[in-house]
Amino acid sequence: MGRLKAGRLGHGLVRAFAIGVLAVAGLAAALAGPAVAQTAEKPQLTLGVGGKPLLYYLPLTIAERKGFFKEEGLDVSINDFGGGAKSLQALIGGSVDVVTGAYEHTIRMQAKGQDIVSVIELGRFPGIVLVAGKDSGIKAVKDLKGRKVGVTAPGSSTNFFVNFLLAKDGLKPEDVSFVGVGGGASAVAQMKHGGIDAMANLDPVITKLESDGDVAILADSRTEAGSEAIFGGPNPAAVLYLKRDFVTRNPVTTQKLVNAFAKALKWLHAATPAEVAAVVPAEYLLGDTGLYEAAVKNSMPMYSVTGVIPEAAMKNALGMLVAFDPELKSASIDLAKTFDGTFVKKAGSH
C-alpha cells in the first residue's frame, strides 16, 4: 500500500512538473514567439509604391500574389504611384501607412527632420540602367548635357541615379532636362517615339528596349560588377520603410509585414523566371512572356539574400547622395537610424 501511495505521489509530481514546464514554455512562446501567433495592431494597411510593375518591386508583387500578406493575417491595399517620390509624399502626408521604395529616401528625410526607418532590404543593387537612344548621338554620360532624360518621376531613385552619374562627370542636375515617364509601357513609348534622348529606368522596360534595338547602355546597376563600377560596392535599392512612430506603435504589424517580404525573397531565390512570369499580372509582361523571363533573369542578382542592409552599403548610398545634394553635404546623418534589422532577424528565425 505504501509503495502504491508513493507511486501515485511520484506520478503526480511528474505530471505537475510536466504541466509546469509546458506553462513556462507557453509563456516564453507568448513573449518571444513569432508574430504570426499574435494579432496585428493594424491588420488593414495601405502600402504605397512607385511603379509596381517594375522588377525593382517584384518582391512586393510576389508577397501579394502568393498570399504571404494574408498568411500573416494582414489585409494590404496597394496604391501604385507614378514614382517613388510620390509614394514618399503619401507616407509623409498620411495617406499610406508604409512604403516599398528606395532606401535613400530614409537618408534624405532624416536631413529634413523626418524619422523614416527601413525594416527589410529587398534589393541590394538598384537595378537601374541608364540608356541612350540609338540615334541620339549620346555615347557617354557627359553627352547628356542639354538633353532630355527620362526618369520614373522627378525626385525618385532613378533621378538620383542620373544625378550621381552627372556629378561623377562634373555636371549638375540642372545641366539636363528631366522628364517623368513612369515605369511601364509609357516609358517604353516615350523612348521609342523620341520624346526623350536618354532614360534611367528598370526592367522589364530596359530589357524590352534592348531587345528591340532601340537603346545603348551607358550605366547598368543590375549586377554586382555593375554596382561595383558605379558605386564602389553594393548600394541598397528597394526596402520597406515606415515612419518610426508607426513601428513603435505597431511592432507586431511591422513584424508581420517583414515576415511576408522575407517569404517573398525566399520564394524568389528558389523560383525560375518562368515561375515568376506565371505569378505576376499579365499586363506586367508587356505582351511578351519570353522577354519578361529574360528581364527576370537579368535582374535576379539584385534581390537581397539576407534582407539586412550591410553598413558599407549604407555608406555607399550616403556617398551617392552627398555627391550631388548640397543639403546632405552639410547634414549630420546617423545611418544607424535609417535601418532597423531586428524584425528581419526575427523573420529568419521562424
Side-chain angles (χ1 to χ4, degrees), residues 51 53-59 83-84 102-104 121-144 147 149-152 156-169 171 176 178 181-184 187-188 190-192 196-238 268 273 276 286 288 291-305 312-313 316-317 319-321 323-324:
L54 295 169
L55 291 183
Y56 189 89
Y57 296 118
L58 182 57
Y103 165 73
E104 53 256 35
E121 178 188 63
L122 305 175
R124 58 195 181 123
F125 315 131
I128 302 169
V129 183
L130 176 62
V131 296
K134 269 284 172 68
D135 302 321
S136 66
I138 297 169
K139 305 294 181 191
V141 172
K142 64 181 188 313
D143 300 330
L144 293 175
R147 300 298 196 101
V149 181
V151 293
T152 53
S156 294
S157 56
T158 48
N159 197 159
F160 299 154
F161 183 75
V162 180
N163 287 350
F164 176 65
L165 292 171
L166 291 171
K168 282 179 80 174
D169 263 14
L171 296 174
V176 305
F178 286 108
V181 296
V188 173
Q190 285 265 43
M191 194 77 238
K192 281 181 173 289
I196 48 179
D197 303 302
M199 179 171 67
N201 220 295
L202 303 105
D203 274 326
V205 169
I206 297 299
T207 297
K208 169 67 175 167
L209 291 168
E210 272 187 280
S211 67
D212 289 352
D214 294 314
V215 297
I217 291 177
L218 302 180
D220 188 342
S221 69
R222 287 176 292 190
T223 64
E224 189 165 0
S227 203
E228 181 77 38
I230 296 165
F231 306 110
N235 189 334
L268 258 179
V276 173
L286 294 177
D288 189 335
L291 179 135
Y292 187 85
E293 290 176 16
V296 169
K297 186 178 178 182
N298 288 341
S299 294
M300 199 57 81
M302 76 183 189
Y303 300 113
S304 184
V305 177
N316 280 338
M320 176 189 78
L321 294 170
F324 65 83

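Side-chain contact between S157 and E104: present, with at least one pair of heavy atoms (C-beta onward) separated by less than 4.5 Å. Between L166 and V141 there is a side-chain heavy-atom pair separated by less than 4.5 Å. Inter-residue side-chain proximity for V176 and R147 is flagged as unmet; no heavy-atom pair is nearer than 4.5 Å. Taking 4.5 Å as the limit, every side-chain heavy atom of T158 sits out of range of all side-chain heavy atoms of V162. Contact annotation: the side chain of L122 never approaches that of Y57 to less than 4.5 Å [non-hydrogen atoms, C-beta and beyond].
Here the rule is side chain to side chain contact (heavy atoms under 4.5 Å, CB included) with P126, and of S227, P234, P236 only S227 fits it.
Scanning all heavy atoms of the two residues, the minimum distance from N316 to N235 falls at O-ND2, 4.2 Å. In terms of heavy-atom proximity, G213 sits nearest to K134 at O-CG, 3.4 Å. Shortest non-hydrogen contact noted between P59 and Y303 is CD-CE2, 3.7 Å. The shortest non-hydrogen separation linking L144 to A198 is CD2-CB, 3.6 Å. The heavy-atom pair separating L55 from S299 by the smallest distance is CD1-OG, 3.7 Å. Listed here is the closest heavy atom pair of T223 and G226: OG1-N, 3.0 Å.
When atom types are taken as modelled, the side chain of T152 and the backbone of G83 share no donor-acceptor pair closer than 3.5 angstrom. Within the 3.5 Å criterion, the main-chain N or O of G182 finds a donor-acceptor partner in the side chain of N201.
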(request) Starting from the C-alpha separation in whole Å, work towards a yes-or-no answer on side chain to side chain contact (heavy atoms under 4.5 Å, CB included) for L321 and F160. (result) CA-CA 7 Å; L321 294 170; F160 299 154; 4.2 Å; yes
(request) I would like to know whether Y292 and V276 meet side chain to side chain contact (heavy atoms under 4.5 Å, CB included); could you show each step before the answer? (result) CA-CA 9 Å; Y292 187 85; V276 173; 4.2 Å; yes
(request) Decide side chain to side chain contact (heavy atoms under 4.5 Å, CB included) for F161 and I230; before the verdict, give the C-alpha distance in whole Å, the side-chain angles of both, and the deciding distance to 0.1 Å. (result) CA-CA 10 Å; F161 183 75; I230 296 165; 3.9 Å; yes
(request) Give the C-alpha distance, both sets of side-chain angles, the deciding distance and a yes or no for side chain to side chain contact (heavy atoms under 4.5 Å, CB included) between M191 and I196. (result) CA-CA 6 Å; M191 194 77 238; I196 48 179; 4.0 Å; yes
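Atom OG of S304 and atom CG of L268 lie 11.0 Å apart (nearest 0.5 Å). Atom CE of M320 and atom CG of L165 lie 9.5 Å apart (nearest 0.5 Å). Atom CG of N163 is separated from atom CG of N159 by 5.0 Å, given to the nearest 0.5 angstrom. To the nearest 0.5 angstrom, L218 atom CG is 7.0 Å from I138 atom CD1.
Looking at K142 and D169, no side-chain N of the basic residue comes within less than 4.0 Å of a carboxylate O on the acidic one, giving no salt bridge.
Checked against the 6.0 Å centroid criterion, the rings of F164 and F231 qualify as a close aromatic pair.
Applying the salt bridge (Lys or Arg N to Asp or Glu O under 4.0 Å) test to pairs two or more places apart or on separate chains, those with a residue in residues 201-211 are D203-R222, K208-D212, E210-R222.
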